[in-house]
2 protein chains.
Amino acid sequence: MARPKRTTKEKLLDAAEKLFARKGFHATSLREITGEAGVDLALVNYHFGGKKPLFAAILERRGAVLNEERLRRLTAVRRAAAPQAVSPEAVIGAFFDPILDFLDHAGPGWHSYFSLLAWVNNSPEWGRRLMSKTFDATVREFIRALMESLPGAAPEDIFWGYNFLTGALTLSLAETGRLDVLSDGLCRSNDVAALRARLGPFVAAGLRGLAQRGARSGQAQS
Amino acid sequence: MARPKRTTKEKLLDAAEKLFARKGFHATSLREITGEAGVDLALVNYHFGGKKPLFAAILERRGAVLNEERLRRLTAVRRAAAPQAVSPEAVIGAFFDPILDFLDHAGPGWHSYFSLLAWVNNSPEWGRRLMSKTFDATVREFIRALMESLPGAAPEDIFWGYNFLTGALTLSLAETGRLDVLSDGLCRSNDVAALRARLGPFVAAGLRGLAQRGARSGQAQS
DNA sequence: ACTAGACTTCAACGGTCGTTCAATACAAGT
DNA sequence: ACTTGTATTGAACGACCGTTGAAGTCTAGT
């Protein structure tokens, strides 16, 4: 192998990431995970302390990388636009592009990771606390940037707009295959290029529409 | 009680709907469900034949009602606009409003049902087949209507646009509470009026933006 | 060579799961 | 009153779950 080696921890993280993404948390057993990873069952508890901590570790591993890259791009587009305010399209790009780039160029682990993120984002259980813990700081920074890029919009519209934005992203990353069925094969859920070409324009137009609606109905902030 | 009675089947459907929506399929046991419903454990298998068929029955029960109401409104807006083509806003309204109206005026069961829908929509497992079986026919009708309302748009843009649309809806129905946290209480996930005021404008603007993008890049259909 | 510590293996624990089945209760038809 | 079919009960089944602990292996440091 080209790589020097893969530690037991990494093997477990990779296998669990893949299986959790495919079947969810409760439907995946530790025996499946350790079987896929080729290690002993007890090693999950030795290295991570249990099933839930393993899940948390998966979320954090690539979450930290994603946050860093997102913030890096956000400051980049801000500097490029200075001293003028950055455009909503640029902010949205800084938010989406790291995901799309990782899907394009990085390994298949990122694919599983984003499917997993889509799963936990809509999971009604404890997973959301992990979600907040990992991503809230970065997300708040992006919401702030969106407000700056759309100074006419009410804060409520930005918050709700972010909600819609992340919902559209989430369902796309889940790759449900629904799109393939409904379009009779014309579109494919895993077509990153097609997603890249449309997701940004869609949500940018949506946010601008929301901002206009707020201004038109005269409920803009004082 | 005002209602004449509730059959065992209905008690089970209601209890399971509530618990599945809150914790997901695998994390909810039949013993919890029958306990909540106040009936014997074995009755699930007697009346429905198992846990999965129970889940399917939940999906179908209100799904049929929702489909009927959606199609009713779609034909209404089509007739109101005839002989001209219906606007995308009207199509989107016929798609969203039944959900929002049920949330407003119908019982709490609908609330659980839509949370459950959000859950199964992003569930990477067998649930999606049920989803397709229940909703695909109606959804195809709405996609056709969207194409008519945006004649300049490429079919691919409509399909992807529907994907984003339903993603935004799905995350909103899931009521993750994320919105409440991120906005420091300014917005509330369960504020149906706030959602109603923003979801339609957002996705309508997004779809129009997608259509313009397609036309601008010259890849519209011949 | 020996020891200390990190890592791995193996077998088993108690608990909960979905499902089954024989026995019982109930309601309606005759 | 008796029969028939539907509905309900209670107890139990085998399977699988996450977790644990004791024993074994491997790797450095001295």
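Computed from a predicted structure; not experimentally measured. Residue numbers start from 1 in every chain, and the chains themselves are labelled A, B, ... in the order their sequence lines are given, proteins ahead of strands.
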So what does T34(B) touch, heavy atoms closer than 4.0 Å: a base, only the sugar-phosphate, or nothing?
->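 No contact.
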Round to the nearest Å and state the distance from [X] atom [atom1] to [N] atom [atom2].
X      : N       : atom1 : atom2 : value
K51(B) : dC17(C) : NZ    : C1'   : 8 Å
D40(B) : dA7(D)  : CG    : P     : 15 Å
Y46(B) : dC26(C) : OH    : P     : 15 Å
F48(B) : dT19(C) : CZ    : C1'   : 16 Å
K52(A) : dC17(D) : NZ    : C1'   : 15 Å
L12(A) : dT8(C)  : CG    : C1'   : 12 Å
F55(B) : dG18(C) : CZ    : C1'   : 16 Å
H26(A) : dG18(D) : NE2   : P     : 10 Å

Reckon [X] has a side-chain N or O less than 4.0 Å from the OP1 or OP2 of [N]?
X      : N       : value
T8(B)  : dT8(D)  : yes
S29(A) : dC17(D) : yes
H47(B) : dT8(D)  : yes

Does some side-chain heavy atom of R62(B) sit less than 4.5 Å from a side-chain heavy atom of F114(B)?
->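 The answer is no; the side chains never approach within 4.5 Å.
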Looking at side-chain heavy atoms only, is the closest gap between F159(B) and R198(A) below 4.5 Å?
-> no
Candidate nucleotides [options], ranked by approach to the side chain of [X] - the nearest:
X      : options                   : result
A42(A) : dC10(C), dT19(D), dT9(D)  : dC10(C)
R31(B) : dT8(D), dT19(D), dC17(C)  : dC17(C)
L41(A) : dA12(C), dC10(C), dT19(C) : dA12(C)
L30(B) : dG18(C), dC7(C), dT9(D)   : dG18(C)

Taking atom types as modelled and ignoring hydrogens, do the side chains of N121(A) and T176(B) form a donor-acceptor contact shorter than 3.5 angstrom?
->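 The criterion, which ignores hydrogens and geometry beyond distance, is not satisfied for T176(B) and N121(A).
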Which word best sums up how the rings of Y113(A) and W110(A) line up, parallel for under 30°, tilted for 30 to 60°, or perpendicular for over 60°?
->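 Answer is perpendicular, since the angle exceeds 60°.
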Taking only Lys NZ, Arg NE, NH1 and NH2, and the carboxylate oxygens of Asp or Glu, determine whether R73(B) and E69(B) approach each other closer than 4.0 Å.
->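 Looking at E69(B) together with R73(B), the answer is yes, because their closest N to O distance falls below 4.0 Å.
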